[in-house]
Amino acid sequence: MASNETTSLLSKGDPPPAPASTNAKERRPSFSRFGVDVESPGVRPSRKSIGNIPQELSSWHKRSFSAQVDHSSSMPRSRITTTSGGALDALSGSGGGGNGIGSTGRASYGGLSSHQRAKSWAQAADGSIFEQTPLEMGRHELYEELPFLAIPGLQKKEHNMSIAYSSYAAALDTLETDDYLTSTTGKHLEPEEREKRLSRMSLLLLDELEADAITVTTPLIFAVLIASLLMFNMGYNISVMNAPEPFVFPGHSTLSWSMAVAAFCVGGPFGATLAGGWADDRGRRGALLLTTWLFIIGGLIQALAPTLTVVIAARAVIGVASGASTVLVPIYLGELAPPNMRGVIGTMTQFACVIGILFADVVGFYLANASRWRYMFLLISIMAMMQLMLTPFLLESPRWLLGRNPNSSKARFIIKKLRGFRYDEEVETEVGHYLGASKRQGADDEGSQGDGKKGSKKNATAEMFADKKVRLLVISTLVLQVANQLSGINAVFFYSGLFFDGVIENPLVGTTLIGAINVVATYVAILLMDRCGRKTLIMWSSAGMFFSCVVIVLSLLGYFSHYTALGAVATYVSFFEIGLGPIPWLIVAEMFDGRYVTAAMSVSCQLNWACNFFVGLLFPMINKSLGPYSFGPFAVVLLLVFIYAWIWLPETQGTTPEELQEQLVKKNAGTTYHNFDIEGMDSSMLPSQDEWAQAMAALERDEGK
């Protein structure tokens, strides 16, 4: 589609779809990046031509953003000019050198205007041709390889994928440059010059890819905040029954209160199951609104309940809303955010949940009494109403809109707002990323695009269980989901007041302290997940929780003080957050193929809620029967998890930069790349916001003279 700066996405009617490729026989431009009269034979990736990851990339993510900017600005600049005969002449900042290959900087091609310069293009094995800059190709790879889910801890794979592609693309750029130099001069690039170019091109491209992770727009911020309110409300409902237990219909039996707590977990699986259908039929936005209304209705019923039986029914309704939230929020935000922001946004939703747990503990100091306990339940509806008032700022998922109609003008308008684009050409490129990634990840086959193929999700689940290649991953996922709940973590959040009764003077103080430690531990877990393997964290987590359980039991038996028991509970929660909390969900996104991610996530969610129900229902009776040994069953589960992780649990595979680069080589082995110019990729791009700002500032200075 031709670029026109005055074209508006608000024009009536749907625009024609952007061509994903052109016919292989279509006549290509007769010039390459090396000159007007130079034909580009192109290069193909292979294990021989694509070398190791440059060392500079491995430490790039450890630098602060300001250090990255300073490093980029200090890199030597050059101009690559092309004479009419096509000879390559590079002028470095000091006047030249090496084999005539310039260093990082914007390329300037003699005799070619910005609209005439050769564009990067590639021909796939099936003969189809597509035109994209190396940066656009990199973004497309990120879209295809990263799931449309906002999951905590996904940042590591996002960054490693950016490193892998940057190294892969730099190798293609250097290979094509070397081929041209050999054909014209008979000489190859010197090894030292080759390594320098690989490093410079890798860093230049990585810097551009990583820029998406720090570029946010106001519509995206509002979407994250509004959707996070659902997770905040869910966290609030996990702990809201804790503080007011002695005051809600005094005289209730242990079993009836257990049913009131566990009813939340009864509704959860139903909400998780129904959420997929709501999202397909009503859209992601419509499903979120329906979930918000369920929170409002459930909160009102619970606040006005005349009996504990009605509270149980209300908790089930709220459970449906919470279960739906666990499915809808990661999907919705994953479909709105660019690929390398999904992990960060997933982390924000996790923080919203644990802060909601802490908020329930804090308000308990003021509302957990005989006269105000109903206000604690009313807050559920009030928070949901606040979210409802913000829904005018809630955008529909462009992926869902494009799945229903690839020509959707509404989807294009939303993409333009979310990404802050100024030109339709940029929007159409992003649309191509969405459509290509959806096709690649098998979204249509799984019915997630609203095409009515809902039965295919069951087929995907059956296929996943039958696939011997992923059998160990499936078993590991199920084991970790069971461990996530049977480790007893929600026994603490559901019944910490009951547990701390008699241990410390005010049980609510202990409950609130544990809630605060949970928030801090969540932040520590984020740092550790970027540095440690998943298997290692699971082993540390299960071992730490096991020894914490032992100390808790010994403290309750009188071998240690009660304050030691409180400290042991704090370490128990902390060790949960660094491993058994986030990793059972993370490995689904990291280790499963795109076609299995949805099925694995669905099975995991159902199993997790089922185990959560049994913990919520049975712990009061376990505590009553076993007394100081109530954490003993959890210790047994944790010991078994440690043994399983030690012997059978695989470390995440296919997620290191080297492994991801190898996958890129294998995936694109039949593709031929032409004019793969990283240095000059910005010369054919439209002016950026910064460039316009600089131009306006220069104009103002000129007028002021």
Side-chain angles (χ1 to χ4, degrees), residues 1 7-11 13-20 132 136 139-150 212-213 215-227 275-276 278-289 327-342 344-346 349 391-444 446-451 594 597-598:
M1 172 173 130
T7 301
S8 172
L9 288 174
L10 297 176
S11 58
D14 290 337
Q132 288 180 336
E136 290 169 346
R139 286 174 176 153
H140 193 82
E141 292 289 350
L142 289 172
Y143 265 96
E144 286 193 348
E145 298 303 324
L146 295 170
F148 282 100
L149 293 170
D212 284 343
T215 304
V216 295
T217 59
T218 301
L220 182 59
I221 293 173
F222 269 103
V224 173
L225 292 178
I226 296 169
W278 296 345
D280 288 344
D281 297 336
R282 299 171 177 269
R284 306 337 188 200
R285 184 179 186 274
L288 290 174
L289 291 178
V327 173
L328 294 173
V329 171
I331 292 176
Y332 174 71
L333 294 179
E335 292 180 352
L336 260 64
N340 44 13
M341 281 193 69
R342 292 171 190 165
V344 173
I345 291 176
T349 61
T391 51
F393 301 99
L394 195 66
L395 300 174
E396 183 53 271
S397 162
R399 186 189 181 214
W400 181 78
L401 292 170
L402 291 170
R404 295 170 67 88
N405 177 14
N407 300 328
S408 170
S409 59
K410 183 177 181 181
R412 285 163 169 79
F413 177 69
I414 291 173
I415 288 174
K416 192 172 187 178
K417 292 183 66 176
L418 285 172
R419 301 291 185 266
F421 292 149
R422 303 180 66 237
Y423 301 98
D424 290 355
E425 185 174 332
E426 298 173 292
V427 175
E428 291 302 328
T429 299
E430 193 77 0
V431 168
H433 295 335
Y434 269 102
L435 294 177
S438 295
K439 183 178 181 181
R440 166 79 175 175
Q441 296 182 18
D444 293 338
E446 295 175 5
S448 62
Q449 298 295 310
D451 55 6
V597 168
T598 301

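Excluded from the calculations below are hydrogen atoms, water molecules and symmetry mates; all remaining heavy atoms, backbone and side chain alike, are included.
Nearest heavy-atom pair across Tyr332 and Leu395 is OH-O, 2.6 Å. For the residue pair Trp400 and Ala279, the shortest heavy atom distance occurs at NE1-O, 3.3 Å. Nearest heavy-atom pair across Ala227 and Leu333 is CB-CD2, 3.9 Å. Across all their heavy atoms, Arg422 and Glu426 have their closest contact at N-OE1, 3.2 Å. The two atoms that bring Ala337 and Ile345 nearest to each other are CB-CD1, 3.4 Å, heavy atoms only. For the residue pair Leu336 and Pro398, the shortest heavy atom distance occurs at CD1-CD, 3.8 Å.
Scored by the ring pair (Phe, Tyr, Trp, His ring centres under 6.0 Å) test, Phe421 finds no partners at all (sequence neighbours excluded).
Checking side-chain atoms of Arg284 against main-chain N and O of Glu396 turns up no donor-acceptor pair under 3.5 Å. Thr349 places a side-chain N or O within donor-acceptor distance of the main-chain N or O of Gly346, the cut-off being under 3.5 Å.
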Trace of the side chain to side chain contact (heavy atoms under 4.5 Å, CB included) decision for Thr429 with Arg139
CA-CA 10 Å; Thr429 299; Arg139 286 174 176 153; over 6 Å; no
Would you check, one step at a time, whether the test side chain to side chain donor-acceptor pair (under 3.5 Å) holds for Glu136 with His140?
CA-CA 6 Å; Glu136 290 169 346; His140 193 82; over 6 Å; no
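A distance of 10.0 Å separates OG of Ser397 from CG of Leu288, quoted to the nearest 0.5 Å. Of the inter-residue distances, the one linking Glu144 atom CD with Ser438 atom OG reads 10.0 Å to the nearest 0.5 angstrom. Rounding to the nearest 0.5 Å places CG of Leu401 at 10.0 Å from CD of Glu335. Here the straight-line distance linking atom CG of Asn405 with atom NZ of Lys410 works out to 12.0 Å at 0.5 Å rounding.
Considering only heavy atoms from C-beta on, Thr391 comes within 4.5 Å of Arg285 through its side chain. Counting heavy atoms from C-beta outward, Ile415 and Leu402 have side chains that approach closer than 4.5 Å.
A cation-pi contact, defined as under 6.0 Å to the ring centre and within 45° of the axis, links Arg342 to Phe148.
Salt bridge Arg412/Glu428: present, at least one basic N to carboxylate O contact under 4.0 Å. With salt bridges taken as basic N to acidic carboxylate O contacts below 4.0 Å, one links Glu430 and Arg419.
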